[in-house]
Amino acid sequence: MKKTIEISKPNMGNEEIEMVVKVLKSGHLSQGALVKKFEKEIARYCGTKYAVAVNSGTAALHCALYGMGVKTDDEVITSPFTFVATTNAILMQKAKPIFCDINENTFNIDPSQIESKITKKTKIILPVSMYGHTYDVAEINAIAENNKLRVLEDAAQSIGAEYKKRKTGSLADVTSFSLYATKNITSGEGGAITTNDKAIANSCRSFRHHGQKENTIYEYISLGYNYRMTDIAAAIAIEQLKKIEKLTMIRRRNAKLLFQGLTNINGLILPVENPDFKDVYYQYTIRITKKFKTSREKFIKYLMSQGITARVYYPKPLHLHPHIEKLGYKKGDFPVAERLANEIVSIPVHPLVSEREINYIIEKIKMI
Ligand SMILES: *Cc1c(COP(=O)(O)O)cnc(C)c1O
């Protein structure tokens, strides 16, 4: 097999290309009718009243935090085991990330450790649904309710996922999505916020356009940013959203084949789906433990030499990066996140990986 199997690849068809050309010819490139249409479609898909489109997943998180009233010195309980954007968005609001260790089976924050982190300063809980597996909805939503807190889900990696047949986007008080090029659906760069709370949706809209007052122009109520999505990106996003169920189905088929093919290998731990959850496998992330025949680094090198891309998402938990560590964190604070960062490796699962290629990946791993 000569062609390298990539870890992710945007899935663009003629529909996206034709729509983009149409927008380019129309003369209206910036936020306009297509952004509105995308917002309507994603809200309908998620089952929420409102959606606000923005130009990245990071912008979506920042808008959501602002919209939920997170401000200077507020505390946000979140995961150290995620992409840096989750915590950076908290820092952008001058709030403090209060990390909570993760559960080694779900890669998401461990609900049993949340309550001990709640203080008078706690404003919201921000779970991340890693690799396409939704956070522990029942437990975390109940903790939030009992403590009069709200939940913001970082669903950058989990669009289309479900908990008890309900779609991500409508599980938390507010949800943020990313449409970055590697994500399950993409507009190159892009993002969105979904919620049933009208006031939060309106705040997000204001924040994405310099803090402009509702129903005015050139009247500003507070600091805001330029987080607007273009109609070019919205055109792509609308077409991508039409394909999401099919794309998710192929991801799930690939994940199932990987599970069947790689099960019962000593020292290699596979993701397991809980029956209440429908995972969307943004990544198929396995764990190479000490019992496995070789080290993770050798495993990755070997797969690469066989034309299979394997990557580590992410090699260092967030509390160990200098700008976050200086808030008062140190090595050893979150032992599960730290151990898993050394064990994880993601192997190709995206919809452009064929069944034949999946079988090739399984065969090569079994040869180790
Ligand atoms: C991709 C991602 C983001 C950021 O999204 P961008 O669109 O790249 O700004 C935030 N959180 C998580 C968990 C992500 O995977």
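Remember, it's a predicted structure, so these values are computed and weren't measured experimentally. Ligands are counted one by one from 1 in listed order, and the atoms in each one are counted from 1 as well.
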**Request:** State, with a plain yes or no, whether a side-chain heavy atom of T86 is found less than 4.5 Å away from one of S79.
**Result:** no
**Prompt:** Can Q283 and R311 be said to form a side chain to side chain contact (heavy atoms under 4.5 Å, CB included), step by step?
**Reply:** CA-CA 10 Å; Q283 293 297 346; R311 289 268 157 79; over 6 Å; no
**Request:** Could you tell me if the ring centre of Y329 sits under 6.0 Å from that of F334?
**Result:** yes
**Request:** Have a look at ligand 1 and work out which part of A85, if any, has a heavy atom under 4.0 Å from it: side chain, backbone, both or neither.
**Result:** side chain
**Request:** Decide whether E357 and N254 meet the rule of one side-chain donor and one side-chain acceptor closer than 3.5 Å.
**Result:** no
**Prompt:** Which atoms from ligand 1 have a heavy atom of T58 less than 4.0 Å away?
**Reply:** 4 (C), 5 (O), 6 (P), 9 (O)
**Complete:** Note: T82, heavy atoms under 4.0 Å from ligand 1, region reported as side chain
**Asked** Are S346 and T285 close enough that a side-chain donor and a side-chain acceptor fall under 3.5 Å?
**Response** yes
**Asked** Considering only the protein, which heavy-atom contact is closest to atom 12 (C) of ligand 1, and what is its distance?
**Response** A156 CB, 3.4 Å
**Asked** For ligand 1, which atoms have a heavy atom of S178 less than 4.0 angstrom away?
**Response** 1 (C), 5 (O), 6 (P), 7 (O)
**Prompt:** Which of the atoms of ligand 1 are close to T86, meaning less than 4.0 Å from one of its heavy atoms?
**Reply:** 11 (N)
**Asked** What is the nearest protein non-hydrogen atom to atom 15 (O) of ligand 1, stated with its residue, atom name and distance?
**Response** Q157 NE2, 2.9 Å
**Asked** For K183, is the nearest heavy atom under 4.0 Å from an atom of ligand 1?
**Response** yes
**Message:** Can you see whether Y227 engages H62 through a side-chain donor-acceptor pair at a distance of less than 3.5 angstrom?
**Reply:** yes
**Prompt:** Should you measure from each heavy atom of S56, which atoms of ligand 1 turn up under 4.0 Å away?
**Reply:** 7 (O), 9 (O)
**Request:** May I ask you to identify the nearest protein heavy atom to atom 11 (N) of ligand 1, giving residue, atom name and distance to one decimal place in Å?
**Result:** D154 OD2, 2.8 Å
**Request:** Evaluate side chain to side chain contact (heavy atoms under 4.5 Å, CB included) for K364 paired with Y302, printing each intermediate quantity in order.
**Result:** CA-CA 9 Å; K364 289 296 164 187; Y302 162 77; 3.9 Å; yes
**Request:** Please round to the nearest 0.5 Å and tell me the distance separating atom NE2 of H319 and atom CG of D333.
**Result:** 5.5 Å
**Request:** Return a yes/no value for Y180: is any of its N or O atoms, backbone included, closer than 3.5 angstrom to an N or O of ligand 1?
**Result:** no
**Message:** List ligand 1 atoms under 4.0 Å from G57, heavy atoms only on the residue side.
**Reply:** 5 (O), 6 (P), 7 (O), 9 (O)
**Request:** Can you sort out which atoms of ligand 1 are near V128, meaning under 4.0 Å from one of its heavy atoms?
**Result:** 13 (C)
**Prompt:** Hey, are T195 and D197 close enough side-chain-wise for a donor-acceptor pair under 3.5 Å?
**Reply:** no
